[in-house]
Amino acid sequence: MGGKVLIVLTSHDALGNTGKKTGWYLPEVAHPYEVFQKNGYTCDFISPKGGEAPMDPGSLEAFKDDAVCKRFLADEAVMAQVKNTKTPDQVSASEYNVIFYAGGHGPMYDLPDNTPIANLAAQVYENGGIVSAVCHGTVGLIPVKLSNGDPIVKGQKVTSFSNSEEDAVQLSSAMPFMLETRLKELGAIYEAVANFQTNVCVSGRIITGQNPASATPLAENIVEMDAAKKKS
């Protein structure tokens, strides 16, 4: 198996005007990373600003006893990558089978308008690769336009952290916009399940997961699809 995955992390660490910290969400990076590693993939990490990508401290607290997260945090090589992410101009889309946007609330602030990363995603997709995201990472698909000018999500079945989940964690007022609503406005066929339950949407070569519980099955779907593509 194997191949290369480009993992997109946020550079943003402030949760709106709440005074709280945010960033990328630990299990939404650690769990997919372990699936990719076990299947022989090499992973590179980028962020809008490059350098150290901030982890959501709340996710560390919530998942400090999670075995997969513990292995990830103890892996000096991968932590060095997270602390020294590349910028979009330091990578070439042609090298990657997959681009994967990790979640956390941070992406809501620095990915909706990030054209350089959006261009990488469009190139991966139009080269026949897989575009994927979990939870708030799906916000990274908002600026992605294909060469025909259409939003990549138009007419595609996608999911993300839902409006109902945002309300449940009482952070709707801190968000710059509601992600589910924006995806629908772009013509996506949005699908969600009950709050915090596992949900993965596969729509052609676009694969999205709703929430942290969806991170592992999302990565498993990516590996399965990539393997099928290689056989065809």
Side-chain angles (χ1 to χ4, degrees), residues 5 7-10 22-36 38-39 56 58-59 62-63 66-69 72 98-108 111-112 121 124-125 129-142 144 151-172 174-175 177-229:
V5 180
I7 298 178
V8 182
L9 302 180
T10 182
T22 189
W24 52 270
Y25 206 74
L26 176 57
E28 295 174 358
V29 180
H31 284 241
Y33 179 80
E34 181 155 290
V35 173
F36 296 142
K38 284 182 175 177
N39 286 278
D56 184 325
S59 70
F63 288 87
D66 178 273
V68 175
C69 292
F72 182 82
V98 178
I99 186 168
F100 168 67
Y101 289 86
H105 280 94
M108 290 294 294
L111 291 184
V124 169
Y125 186 75
I130 296 167
V131 172
S132 59
V134 67
C135 202
H136 292 92
T138 306
V139 75
L141 305 190
I142 284 175
V144 182
I152 195 171
V153 298
K154 183 180 177 182
Q156 301 284 358
K157 186 172 70 170
V158 299
T159 192
S160 68
F161 205 62
S162 66
N163 289 357
S164 176
E165 286 169 321
E166 206 72 82
D167 289 343
V169 298
Q170 299 182 318
L171 285 173
S172 296
M175 293 298 98
F177 55 87
M178 296 299 278
L179 181 50
E180 173 185 332
T181 303
R182 181 66 60 85
L183 290 165
K184 290 175 177 175
E185 288 169 354
L186 289 172
I189 303 163
Y190 184 87
E191 294 190 359
V193 296
N195 288 359
F196 315 117
Q197 300 303 302
T198 301
N199 179 34
V200 176
C201 286
V202 179
S203 188
R205 287 177 287 105
I206 300 171
I207 308 179
T208 48
Q210 184 171 329
N211 47 36
S214 310
T216 295
L218 169 73
E220 291 168 345
N221 271 272
I222 292 168
V223 169
E224 186 178 327
M225 178 179 289
D226 196 42
K229 281 171 62 254

* **Test item: V200 and I207 side chains (from C-beta on) under 4.5 Å apart, heavy atoms** => yes

* Asked: Say you draw a straight line from CG of L179 to OG1 of T159; how long is it, rounded to the nearest 0.5 Å?
  -> 9.0 Å

* Asked: Considering residues at least two apart in sequence or located in another chain, which fulfil the side chain to side chain contact (heavy atoms under 4.5 Å, CB included) criterion with P32?
  -> F36, F100, A215, A219

* Asked: With sequence neighbours excluded, what pairs up with K184 under the salt bridge (charged side-chain N to carboxylate O under 4.0 Å, His left out) test?
  -> E180

* Within a strict 4.5 Å, meaning less than it, do heavy atoms of the T198 and P217 side chains meet? -> yes

* Asked: Quick check: does any side chain N or O of N199 sit under 3.5 Å from a backbone N or O of E191, one acting as donor and the other as acceptor?
  -> yes

* **With V169 via side chain to side chain contact (heavy atoms under 4.5 Å, CB included) - residues at least two apart** => F161, E166, L171, F196

* To do: Could you give me the CA-CA distance, side-chain angles and deciding distance for M178 and D167, then say whether side-chain contact (heavy atoms from CB on, under 4.5 Å) is met?
  => CA-CA 10 Å; M178 296 299 278; D167 289 343; 4.2 Å; yes

* **K229 atom NZ, over 12 foreign heavy atoms within 6.0 Å** => yes

* Write down the atom of L141, the atom of I206, and the distance for their closest heavy-atom approach. => CD1-CG2, 4.2 Å

* Structure fact -> Correct closest heavy-atom pair for T22 and G106 would be OG1-N, 3.4 Å

* Structure fact -> Output for pair (C69 SG, Y25 OH), nearest 0.5 Å, gives 9.5 Å

* Structure fact -> Rounded to the nearest 0.5 angstrom, the OG1-CG distance for T216 and N221 is 11.5 Å

* Backbone of K157 reached by a side-chain donor or acceptor of S203 within 3.5 Å -> yes

* So, Y101 side chain and T208 main chain: donor-acceptor pair closer than 3.5 Å or not? -> no

* Which pair of non-hydrogen atoms, one from A121 and one from V131, has the smallest distance, and what is that distance? -> O-CG2, 3.6 Å

* Asked: Is there a side-chain contact between V98 and V124 (heavy atoms, below 4.5 Å)?
  -> no

* **Rounded distance (nearest 0.5 Å) linking atom CD of E28 with atom CG of L218** => 9.5 Å

* Nearest heavy-atom pair of T10 and G23: which atoms, and what distance? -> CG2-C, 3.4 Å

* Does a side-chain heavy-atom distance below 4.5 Å link S160 with Y190? -> yes

* Beyond-backbone contact of C135 with P212, side-chain heavy atoms, under 4.5 angstrom -> yes

* From R205 atom CZ to Q156 atom CD, the distance as rounded to the nearest 0.5 Å -> 9.0 Å

* Asked: Where is the tightest heavy-atom contact between V68 and D66, given as atom of each residue plus distance?
  -> N-OD1, 3.1 Å

* Minimum heavy-atom distance V134-S214, with the two atoms named -> CG2-C, 4.5 Å

* Asked: Does any N or O in the side chain of S162 come within less than 3.5 Å of the main-chain N or O of E165, such that one atom is a donor and the other an acceptor?
  -> yes

* To do: Give a yes or no answer on whether the side chain of D56 reaches the backbone of L26 with a donor-acceptor pair at less than 3.5 Å.
  => no

* Structure fact -> Between the CG atom in L186 and the CD1 atom in I152, the distance rounded to the nearest 0.5 Å is 11.5 Å

* **Expected output: side-chain D226 to main-chain I222 donor-acceptor under 3.5 Å** => no

